[in-house]
Number of protein chains: 2
Amino acid sequence: MPDGTSKKPSRIQMRNRSLILDAALDVFSAHGYRGATLDQIAEAAGLSKPNILYYFTGKEEIHVTLLNQLMETWLDPLVEMDAAGDPLTELLDYVQRKLDMSRDLPRESRLFAGEILQGAPRMLPHLRADLKPLLNEKCAVIQTWMNDGKLAQVDPRHLVFSIWATTQHYADFDTQVRVLLDDDPHDSAAQFLDQMYRSLLTP
Amino acid sequence: MPDGTSKKPSRIQMRNRSLILDAALDVFSAHGYRGATLDQIAEAAGLSKPNILYYFTGKEEIHVTLLNQLMETWLDPLVEMDAAGDPLTELLDYVQRKLDMSRDLPRESRLFAGEILQGAPRMLPHLRADLKPLLNEKCAVIQTWMNDGKLAQVDPRHLVFSIWATTQHYADFDTQVRVLLDDDPHDSAAQFLDQMYRSLLTP
DNA sequence: CCACTTTTTGACCAATTGGTAAAGCTACGA
DNA sequence: TCGTAGCTTTACCAATTGGTCAAAAAGTGG
């Protein structure tokens, strides 16, 4: 077993751990935690099941590792929103970054959605410790912008919720969107969302 | 086994079938299809597992039955949108009806979300047969409204997607919303969404 | 009260699944 | 070349889970 306390993971450890995590992201995002099996993950990774359990102590640790890695990526677009920038531009850019993430990282979006949908059994601490303070900070910034008359007055929290909802929708409900739309939704969605938030936020 | 071809389901059949479906809705919406077990459903329904299988041929049939029942309820708010009514009022009322559904039927919302999230393995036919034509019809109505200058010009499909996303978000991501918000979100969400779609759609 | 149908249950199964143990293989430095 | 630490596999469990079956129990009409 690779010693968690030792300093340097070998090259083969790095490769196999990332093979496993990538395969697990496929499987967990497609079938949910309970719906995913170690055999599926093993096959997708091109490794045997016991070999998987040589690198991770169990199914749960794989899932938790994915969730932990995800949290960083997930918060990043919001972190980038700059209090010193132009308010409307900052918010519209944030919307576009989130929409791009739905296109580029749909597995991550669905993994996150599935976790929250089931009550966030393994993510609640992260939500409280990481997401909540960040949201509070950014909502305060948005509120300042509104008080300065740079943006129309709306509830900053519901504004952010709506941005999350509308952008992640294109990853999480991709199956439905594809049934209902004939062409690729990304460009038309980008245009629609820009129009919607521009009309809402322009003072 | 209750004969599916016979004419009249007995009183006790009606009662137990609905007990089972209600319990199954709890369990499936909380844990997903694969995460739910017949034992959980049986316990929640207050019946034994073999007794459950006396009324339904298997786990899948219970799930499919729930999904079929759900489709009606789900489309209803959109069906009610009246081409003869006042355009802005009709759309804003639709938003409120969907938001009310998220508050009143969160289990149904999560069941639907979970099914779509996993690629809609049992719902794709319904989406194509029921949802798609209805959406096309209603989008045509909205387009007419816009052409008549009653509404601002936006992409009707993405408009509807955004309504679904923002309203269902309060049911599907309830756990997250509750962590981030201290008071009940419903009234403030209703106000925010009214403001957002009013500013977007007012010509 | 009795025959007959519907409902319920306890005992049981086969398949799946997360996980283990120990032997075998491989890379690599001395 | 050899020894050793790291990596991989084969064979195997024990628990869970969807589902079956025959018999018991409860309704029900006459």
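Treat the numbers as computed from the prediction; the structure is a model and nothing was measured. Just so we're on the same page: letters track the sequence lines, and every chain starts at 1. Just so you know, these numbers use all the heavy atoms, side chains as well, and skip hydrogens, waters and symmetry mates.
- Atom CE in M14(B) sits about 13 Å away from atom P in dT7(C), given to the nearest Å.
- Both tests do not hold together for K59(A) against F28(A): distance to the six-membered ring centre under 6.0 Å, angle to the ring axis within 45°.
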Restricting to nitrogen or oxygen on both sides, can you table the protein-nucleotides 9-11 of chain C pairs closer than 3.5 Å?
from	atom 1	to	atom 2	distance (Å)
dT9(C)	OP2	S48(B)	OG	3.2

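- D187(B) and Q191(B) are not linked by any side-chain donor-acceptor pair at a separation below 3.5 angstrom, with hydrogens and angles left out of the test.
- Pairs of residues two or more places apart, or lying in two chains, that qualify as ring-ring contact (aromatic ring centres under 6.0 Å, His included) and include a residue from residues 109-132 of chain B are W74(B)-F112(B).
- Atom pair H63(B):NE2 and dG19(D):P shows a separation of 13 Å (rounding to whole Å applied).
- Distance alone, capped at 3.5 Å, is enough to place a donor-acceptor pair between the K132(B) side chain and the V179(A) backbone.
- Within residues 19-38 of chain B, the residues having any heavy atom under 4.0 Å from DNA chain C are, by residue number, R34(B).
- One can place CD of E43(B) at 17 Å from C1' of dG18(D), the figure rounded to the nearest angstrom.
- Residue pairs meeting the salt bridge (Lys or Arg N to Asp or Glu O under 4.0 Å) criterion with at least one member in residues 29-57 of chain B, sequence neighbours excluded, are D39(B)-K49(B).
- The CZ atom of F56(B) sits 13 Å away from the P atom of dT7(C) (whole-angstrom rounding).
- Of the candidate nucleotides dT17(D), dT6(C), dG19(D), dG19(D) has the atom nearest to the side chain of L53(B).
- R122(B) pairs by the salt bridge (charged side-chain N to carboxylate O under 4.0 Å, His left out) definition with E60(B), not counting sequence neighbours.
- Under the 3.5 Å distance criterion, with hydrogens and angles disregarded, a donor-acceptor pair is assigned to the side chains of Q143(B) and N147(B).
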Where do N or O atoms of nucleotides 24-29 of chain C meet protein N or O atoms at under 3.5 Å, pair by pair?
none

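- The closest donor-acceptor contact from the side chain of Q195(B) to the backbone of D155(A) lies at 3.5 Å or more, if one exists at all.
- A distance of 11.0 Å separates CG in L47(B) from CG in L53(B), rounded to the nearest 0.5 Å.
- Spacing between atom CD1 of I62(A) and atom C1' of dG19(C) amounts to 12 Å, rounded to whole angstrom units.
- For the pair K150(A) (side chain) and T144(A) (backbone), a donor-acceptor distance under 3.5 Å is absent.
- Regarding contacts with the backbone of dC7(D), a side-chain N or O of Q13(A) is found under 4.0 angstrom from either OP1 or OP2.
- Annotation: cation-pi pair R103(B)/Y170(B) absent, no NZ/CZ under 6.0 Å from the ring centroid and within 45° of its normal.
- Residue N16(A) contributes atom CG, which lies 10 Å from atom C1' of dT8(D) at whole-angstrom precision.
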